[in-house]
Amino acid sequence: MSATKWVYGFDEVAEAEQRYGGDWEGVRGLLGGKGANLGEMTRLGVPVPPGFTVTTEACLAYLGGDETFPPGCWEQVEQALHRVEKAAGKRFGDPQEPLLVSCRSGAKFSMPGMMDTVLNIGLNDEVAAGLARLTGDERFVYDSYRRLVQMFGSVVLGRPDEVFEEVLAKHRAEQGVATDSELAAPRLKAIVAEFRRLAGGFPTDPKEQLRLATEAVFKSWNGKRAVDYRNAAGIPHDLGTAVNIQTMVFGNMGDDCATGVAMSRNATSGEPKIEGDYLINAQGEDVVAGIRATKPLEQLAGDMPEMYAQFAAIASRLEKHYREMQDMEFTVERGKLWLLQTRNGKRTAQAAVRIAVDQAEEGLITRQEAVMRVKPDQVDFFLHPQFRPESRKGAVRLANGLNVSPGAAVGVAAFDADLAERWAKQEGKQVIMVRPETKPDDVHGMLAAEGILTSRGGRTSHAALVARQFGKPAVVGVAALEVDMAARTMAVAGRVIAEGDWISIDGTNGDVFLGRLETMVPDISDPWLMRLLTWADEVRKLRVRANADYPVDAERARRYGAEGIGLTRTEHMFFETERLPIVQKMIMTTSPEERAEALARLLPYQRADFEGLFRAMDGLPVIIRLIDPPLHEFLPSTGDLTKRLIDLKVEEARGGKVAGEITEVEALLARVASMHEANPMLGTRGVRLGITLPELTRMQVRAIFEAACAVTREGVVVHPEVMIPLVSHVNELKVQRELLEAEARQVMAEQGIEVKYLFGTMIEIPRAALTAGEIARYAEFFSFGTNDLTQTTFGISRDDAESGFLVRYLRDGILEDNPFATIDRNGVGRIMRLAVEGGRATRPDLEVGICGEHGGDPRSIAFCHELGLDYVSCSPFRVPIARLAAAQAALQ
Ligand code: PEP
Ligand code: MG
């Protein structure tokens, strides 16, 4: 058996590749990301300072073997070092022609700054003196030397870095300078001596330096920082790190030296132009640390035209090779260009889209790859205002809550809906509506506000649903926020914010800021995004519909690419100011005549709503769901009524003539109390309401079909689909279907127009899913209401969940994901699968979709694709995201 190869020269990457049969992932696993890339660049002929990689296998053997090098390993390091000496024409530890090396970690997955590095290895007093003679630059040499001792002292010998920093500070003060780079050579020499004393045990033998540094890097794999990082990033703990030992090159040896970082394209806008920063006569960390003002890369073309031309050619070559935008580090040492690192570059959402599209059009990648390269959440960027990064940087962050509806919003705090509306509409103020939580009768305030902030509530809370639907930025469930409605203030992070004070909220990440941050508005009509989404449409199998209650939402949804409406929550229309009293009357009256009258007054409103939706969705399907929510949402609260009663009684005691009003409120209170349900979410809602109040179902059906006939006359093509919510038993559907068909037939006969429609149901109770085969006898389509299905499958209240124990569950890892945000595949998902199979067994052409909040979540969309659903439906603002996510699901 041949001996294990523990060390690979940068010029031996082909051998590593061979070992893994060409599998680059295997090579990265063995040599780490950095080592594999240095090898790859070397193979491409890019100038990389010579060096070699000690493998992750060696690291694992070292850590697993009582911290000793495995047999043969150190000998291989020495041989590799010898080859580097030859290539560089220098010798390690030789004062006449000294080679200095760096020793850096490099794991399979990038763990920036989490492990250790030692630079300038190979210096001791003799070598430093020799190098000073050779370069004629004492200052540079002793600065390099003191850096070595400092790094070695802290990384290898475990001295706290502050010890060294204190010495530097003392010398700066003595010499009267502000920065280390101003310290003169004799002083640096003295510092080296002091550092060596402080470090205790700094080895003068360069080989010993290298050996100890290599061991330290191995050990840093198990350092606390690295372990914590891997836990957070989900990186396995058994991979080990490679160690890269590489010839040092210096960008700080004079004015023919430079160092910089650069991207092969603009990382902010995506423009196809290299951009970066550099410094003449400086070291890499000077560029990153921002101590000296860097120059934009274009100026290198003037400063060092030859270097610039070479670098630009290399950047382009690397990008073509990796087929990705590259982020590179380079150094010019005495007129020679070296590349120290290349990796795929990080970029903004806007740049990600433009780069993917440009690269596809340049033929560098395929269109399908372009579609895969953009994260669905990056599309979100184009749909909402954002805070300017400069503005966010200096801002005071007060708290962080649930990021339930993306975008940035700025306004003065208003603590109730009426005030929010008045300030916004009458006084033209920008308002953030702040509430402990929102209720349906807060909607007018929410619509008038720029954004919504609540201290309670979760991802499917009322505030979240409404905000998402209307594209209002919202942060909810901010536990640190105490809203004092009596004092009209909110307290957070030790500050008290009064009504009218400016606040800023970021619904994209849940941040709440004090004051007025600056925003900017990106745009969905970005030409690159439009092209990318068209490519996505070409490959996706799932259709994308929108949840929309109003014509404006439907129009927006259509602009964003929706192929119909998947859910109209008709009850939302009932909450409008003029309608609510009629709705309340209709529900609370015990007189059939009064109810009929109330319904007759509601009919024209509903008809007009539906006409608007049909017109906006001309030619596309529109699912209208009959009334759903628990009744108490429509009724005045007993608390409000009791308070009103007390006020009236006080007034009466003072001689006010309010007896009539008191009787009225008392009756109302008695009626509301009599309708009280302990568990309204499991009470008279959904189809149960339709069965209890058949007149209500009839009115809604009439409104739908009268509207359909009316717009058909205008030439609009309608495809209504009537949907029944919260069905758990087939008989519920049977009863409603009979009622509906009779009414629909009657309206069509009256109007003399035949409207083709579908009749279907939501699947949002486990029993409905389990008996889907029976239910499909009466339903032509299913739509998964995964908000309720999650609530009823888990037995977790969707309204309270995220402010209570679920937070702890997620923190402690009892649940990996919030099931109200991402479909729980094993539980809820399994039930969905049963429903699809059962339903299609009865009715092969059954149309199946989803309209719960999960319909806009990329991971849930992937699951819906796997289940073979026909469409997903989500808020208009998530339609573009869903288009991309559906395409990615199809391509995966
Ligand atoms: C659902 O339950 O998933 C659903 C879409 O209905 P709603 O959120 O209106 O209860
Ligand atoms: Mg529901």
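Given the structure is predicted, the values throughout are model-derived calculations rather than measurements. Counting convention: from 1, in listed order, for ligands and their atoms alike.
Checking S873 against N547 by side-chain atom types alone, a donor-acceptor pair falls below 3.5 Å. At a cut-off of 3.5 Å, with distance as the only test, no side-chain donor of Q606 or T570 sits close to an acceptor on the other residue. Side-chain contact of N509 with N403: a donor-acceptor pair under 3.5 Å is absent, judged by distance alone. Under the 3.5 Å distance criterion, with hydrogens and angles disregarded, no donor-acceptor pair is assigned to the side chains of S797 and D799.
Geometry at the Mg ion (ligand 2): OE1/E764 and OD2/D788 form an angle of 100°, nearest 10 degrees.
For R685, the heavy-atom gap to ligand 1 drops under 4.0 angstrom.
By the criterion of a heavy-atom distance under 4.0 Å, both the backbone and the side chain of D788 are placed next to ligand 1.
Close approach of ligand 1 to D628 is summarised as follows: ligand atoms under 4.0 Å from at least one heavy atom of the residue are 9 (O), 10 (O). Close contacts between ligand 1 and L567 involve ligand atoms 5 (C) [criterion: under 4.0 Å to a heavy atom]. Counting atoms of ligand 1 from 1 in the listed order, those under 4.0 Å from a heavy atom of E764 are 1 (C), 2 (O), 4 (C), 6 (O). Atoms of ligand 1 lying under 4.0 Å from any heavy atom of C851, numbered from 1 in the order shown and given with element: 5 (C).
Under the 6.0 Å distance and 45° angle rule, R579 does not count as a cation-pi partner of F574.
Checked against the 6.0 Å centroid criterion, the rings of Y757 and H719 do not qualify as a close aromatic pair.
Here the shortest heavy-atom distance to atom 10 (O) of ligand 1, taken over E853, R798, M762, belongs to R798.
Among all non-hydrogen protein atoms, the one lying nearest atom 6 (O) of ligand 1 is R625 NH1, 2.9 Å.
For residues 857-867, the pairs satisfying salt bridge (Lys or Arg N to Asp or Glu O under 4.0 Å) are D817-R859, R825-E866, with sequence neighbours left out.
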